[in-house]
Amino acid sequence: MAHTDMPPKFMRKGEMTRAAILDVAITLASRDGLEGLTIGLLAEKMNMSKSGVFAHFGSREDLQIEVVKLYHRQFEQEVFYPSIKEARGLPRLEAMFGRWIRQVTIEIASGCIYISGAVEYDDRPGEIREQLVTMVRTWQEALHRCTLQAIEAGHLRADTDADQLVYEMYGLILGLHHDARFLKKAGSVERAQKGFDRLIDSYRDPASLPASAAKKSSQTNQKIAAKTSARSIQ
């Protein structure tokens, strides 16, 4: 995952306008889906003409693709990059999942473009689908790589199935999004965190961490999840 955004102080007026359009577009796409994003609606929200919006994007599809790319960059900044500052192995994997949960709770009101995009484009070929697939796979590969590092570090058992672990982590996030956003169930964040703790414990190498330390780590993660849930689901 790489970040190549130009620092704001070096942005020209046209670039600032384009960035402002994308900020509004990503809000609309999160709420209405990528297919609900239209040039007309965007022009209305920006108080611009349709031709003014088109001047910055060659087509509606180009706009949608740029929104997907922006969402991915924001996800990296909020979830991926802070997490890789943690120690390699299980501490990093736990940080990635913890920040992923927090990101989902922030998006409960607005919606997740990765999840809504998967519904919109699961059977619709084209560049937008390819962009979404590539970015989701990039994140899954990062989780898989981190899991392998946890195995190499001895934090997880040598027979840990990294593909299965990542699959189950993804399932927990999808379940959280469904219960918190669609069903509006209280306690969804805590259940997702407990599910992750139980998942990790099932693969943990008993010799890698004293029982007291493992219990403390789990309790800390659950407290963080509870605080996040209280702020986000009301």
Side-chain angles (χ1 to χ4, degrees), residues 1-82 99-142 170 173-174 176-184 232-233:
M1 289 187 174
H3 183 66
T4 57
D5 276 0
M6 183 182 297
K9 65 180 180 179
F10 295 120
M11 293 176 70
R12 301 181 180 86
K13 183 178 179 180
E15 292 167 337
M16 292 177 66
T17 301
R18 189 174 190 274
I21 292 172
L22 281 174
D23 281 341
V24 174
I26 198 169
T27 299
L28 294 174
S30 296
R31 185 192 70 188
D32 303 329
L34 287 164
E35 283 301 301
L37 182 61
T38 66
I39 297 295
L41 179 59
L42 190 54
E44 179 183 340
K45 293 291 184 180
M46 291 295 299
N47 196 26
M48 295 174 62
S49 65
K50 291 183 181 180
S51 60
V53 175
F54 267 119
H56 295 277
F57 305 94
S59 67
R60 176 169 174 262
E61 183 178 78
D62 288 341
L63 170 63
Q64 290 167 316
I65 290 171
E66 288 304 313
V67 166
V68 172
K69 290 179 178 179
L70 174 60
Y71 181 82
H72 185 68
R73 291 196 297 270
Q74 291 179 346
F75 186 87
E76 286 181 322
Q77 291 299 321
E78 295 297 326
V79 180
F80 178 71
Y81 289 119
R99 287 187 172 88
W100 195 6
I101 280 185
R102 285 196 289 273
Q103 187 68 16
V104 170
T105 61
I106 291 170
E107 295 173 339
I108 284 172
S110 60
C112 171
I113 287 179
Y114 283 162
I115 295 175
S116 63
V119 175
E120 290 183 280
Y121 296 95
D122 59 348
D123 59 352
R124 184 179 300 182
E127 183 62 23
I128 299 173
R129 184 185 190 282
E130 291 306 310
Q131 286 289 338
L132 283 166
V133 168
T134 296
M135 291 170 184
V136 170
R137 283 179 175 167
T138 297
W139 174 234
Q140 289 185 339
E141 288 167 3
Y170 235 91
I173 292 294
L174 292 175
L176 167 60
H177 189 273
H178 179 274
D179 278 16
R181 181 168 165 78
F182 181 56
L183 300 180
K184 301 188 184 304
S232 305
I233 308 175

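Since the structure is predicted, the reported quantities are computational estimates derived from the model, not experimental observations. Counting from 1, the numbers follow the sequence of the chain as shown.
Side-chain contact check for Q64 versus E127: every heavy-atom pair is 4.5 Å or farther apart. At least one side-chain heavy atom of V136 sits less than 4.5 Å from a side-chain heavy atom of Y170. At a threshold of 4.5 Å between non-hydrogen side-chain atoms, the residues S49 and F54 do not count as touching.
In this structure, CD1 on I115 lies 4.0 Å from NE2 on H177, to the nearest 0.5 angstrom. Rounded to the nearest 0.5 angstrom, E66 CD and R73 CZ are separated by 7.0 Å. Rounding to the nearest 0.5 Å gives a distance of 11.0 Å between OG1 of T138 and CZ of F75. Considering CD of E120 and CD1 of I113, their distance stands at 9.0 Å, rounded to 0.5 Å. Between atom CG of residue L42 and atom CZ of residue F57 there is a gap of 7.5 Å, rounded to the nearest 0.5 Å. Here CD of E78 is found 6.0 Å from CD1 of I106. Values are rounded to the nearest 0.5 Å.
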Go through the steps for K69 and M135 under the test side-chain contact (heavy atoms from CB on, under 4.5 Å), then give the verdict. CA-CA 8 Å; K69 290 179 178 179; M135 291 170 184; 3.6 Å; yes

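For the pair I108 and A180, the tightest heavy-atom approach, listed with the atom from each and the gap, is CD1-CB, 3.5 Å. Nearest approach of P125 to D123, heavy atoms of both residues: CD-O, 3.5 Å. When all heavy atoms of V79 and W139 are compared, the closest pair comes out as CG1-CH2, 3.6 Å. Closest of all the heavy-atom pairs between I65 and Q131 is CG2-CG, 3.9 Å. What you find for E76 and P82 is that their closest heavy atoms are O-CD, 3.9 Å.
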Check: residues 20-32 side-chain donor-acceptor pairs under 3.5 Å, at least two apart:
unit_1: T27; atom_1: OG1; unit_2: D23; atom_2: O; d: 3.1
unit_1: S30; atom_1: OG; unit_2: I26; atom_2: O; d: 2.8

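Ion pair R60/E35 flagged as a salt bridge, since at least one NZ, NE, NH1 or NH2 atom sits closer than 4.0 Å to an Asp/Glu carboxylate oxygen.
By the 30° and 60° cut-offs, the orientation of the rings of Y114 relative to H72 is tilted.
Few gaps surround CG on D122; more than 12 heavy atoms of other groups in view lie less than 6.0 Å from it.
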